Number of protein chains: 2
Amino acid sequence: MSTPPQPGAAFLLAQVGAHAAARFAERISEVGVDPPDVGLLRMIASQPGRSQQSLAEQLGVVPSRVVVLVDGLQRRGLVERRRNPQDRRNHALHLTAEAEQVMTRIRELASTHESDICAALDDHQRAQLTELLGAIAAQQGLTPGVHPGYRRP
Amino acid sequence: MSTPPQPGAAFLLAQVGAHAAARFAERISEVGVDPPDVGLLRMIASQPGRSQQSLAEQLGVVPSRVVVLVDGLQRRGLVERRRNPQDRRNHALHLTAEAEQVMTRIRELASTHESDICAALDDHQRAQLTELLGAIAAQQGLTPGVHPGYRRP
DNA sequence: TATTGTTATACTCTATAACTATA
DNA sequence: TATAGTTATAGAGTATAACAATA
C-alpha cells in the first residue's frame, strides 16, 4: 500500500514560504533591490550607525558577505559608510535620504504583498495564521525579523 | 513616527518556511540526498517510467537541469535510466531497490521533521495550520507537492 | 525538420582565507 | 597582538545555447 502524497504542515510551510519569498522578490525588484538588501536596509533603519561586524553577527553571516551587500547598496546610493573618528577601523552605516523614500515604497509593496498572499483568508483566519506561525517561530528559536536566507557561517 | 517591526503573515511564512526547509535538508543529508533530489525521487516513485522532459515541465525547470539532478541520483545508485525501445530518444526513469529503502527512511525522517517543526502546536492547531496553508497554496495556484525551489525557466 | 537528451559555458551567490589599516 | 573591513579565490547551483542522436 503506497503512502498517499498528502503534504503535511512542514512541506506546505516550505512550499508556501518559498512562494511568498519569490513573489516578494518580484515586487521589490521595482525599486532595484532584492530580499537580502531589504533585510539589511531594515536593520540599518532601525539602528543607524551600526557596524558591519554587528550586522554580520545578527544575521548569522560571515563579515565578508556584509561587505558585498553594503557595496551594492552603496552603489545604488542607499547606504553611506561613515568612518568612526573614535575608532577609524569601523564603518558606521546610515541610510541616505533616497533610501528613506525607498523604504516607504517597500512598506507599501510589503502591505500589498501581504494582502495578495493571504487573499484566500478572511481577517480572522489571517490573524490565526499569524499567531500559529509566531508560535512556531518562537519555539524554533528564530530571531524576530531575520530571514534564514542568510545562512550561518 | 517609525513603523514598529511587527512581522506580518507573509514574512513569517517566508521565515518559518525557509527554516523548515533548511532543517529538512539537514535531516535528509543522513541518506546523502538534498531537497531537490527528494522532490525528483518522489515524482519518479509515483509515476515510474517518466521521461526527463515531462519532469522538467512539471517542475518548471529547464531540461538540462534535470540531466544534472538525474546524473547525481544515478551516481548514488538510486535511479536508473532505461532506453525506451519504442522511442530511443527518451529515457524512462525508474527507482532502484536501494531507492525504495531510501524512500522509506525519508518518509520516517519527514514524519519526525513534521513533529519537530510543529512542536509548539497541539493537534487541533496543527490541523488548523495545515488547512490555512492549503487554502493559500490552492488560491496561489501552487502545484501540489512541487516545491518552488525549482525555479521557472 | 522536430524532439530528447547532453555538453559546454557562463553567471550568480556564498564561504574561506589571506591581506590592509587601524588599534 | 587583536580587530574591522576588504580582496582574492574557489565552489555550488543554475540558466543559456550549441550539439548529437533519434524520430
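Throughout, a chain's letter reflects where its sequence line sits, starting with A, and its residues are numbered from 1. Remember, it's a predicted structure, so these values are computed and weren't measured experimentally.
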Worksheet item: For A:Glu131, does the CD atom sit with more than 12 other heavy atoms under 6.0 Å from it, leaving out its own atoms?
Response: no
Worksheet entry | More than 12 heavy atoms from other groups under 6.0 Å of CD on B:Gln140 | yes
In whole angstrom, give the distance that lies between atom [atom1] of [X] and atom [atom2] of [N].
X	N	atom1	atom2	result
B:Arg88	C:dT6	CZ	C1'	16 Å
A:Asp87	D:dA2	CG	P	17 Å
B:Asp34	D:dA12	CG	C1'	11 Å
B:Leu55	C:dT6	CG	P	12 Å
B:Asn84	D:dT22	CG	P	13 Å
B:Arg65	D:dA15	CZ	P	6 Å
B:Gln86	D:dA23	CD	P	10 Å

Might you list the N or O atoms of the protein lying below 3.5 Å from N or O atoms in nucleotides 5-11 of chain D, with each pair's distance?
| from | atom 1 | to | atom 2 | distance (Å) |
| --- | --- | --- | --- | --- |
| D:dG5 | OP1 | A:Gln52 | N | 3.3 |
| D:dG5 | OP1 | A:His91 | N | 2.8 |
| D:dG5 | OP1 | A:His91 | O | 3.4 |
| D:dG5 | OP2 | A:Gln52 | N | 3.3 |
| D:dG5 | OP2 | A:Gln53 | N | 2.7 |
| D:dG5 | O3' | A:His91 | ND1 | 3.3 |
| D:dT6 | OP1 | A:Arg81 | NE | 3.2 |
| D:dT6 | OP2 | A:Gln52 | OE1 | 3.2 |
| D:dT6 | OP2 | A:Gln52 | NE2 | 2.8 |
| D:dT6 | OP2 | A:Arg81 | NH2 | 3.0 |

Nearest 0.5 angstrom please: [X] [atom1] to [Y] [atom2], how far?
X	Y	atom1	atom2	result
A:Arg126	A:Leu121	CZ	CG	7.0 Å
B:Arg82	B:His91	CZ	NE2	12.0 Å
A:Leu55	A:Tyr150	CG	OH	9.5 Å

Discussion item. B:Asp71 and salt bridge (Lys or Arg N to Asp or Glu O under 4.0 Å): which single residue from B:Arg81, B:Arg65, B:Arg76 fits?
Written reply: B:Arg81
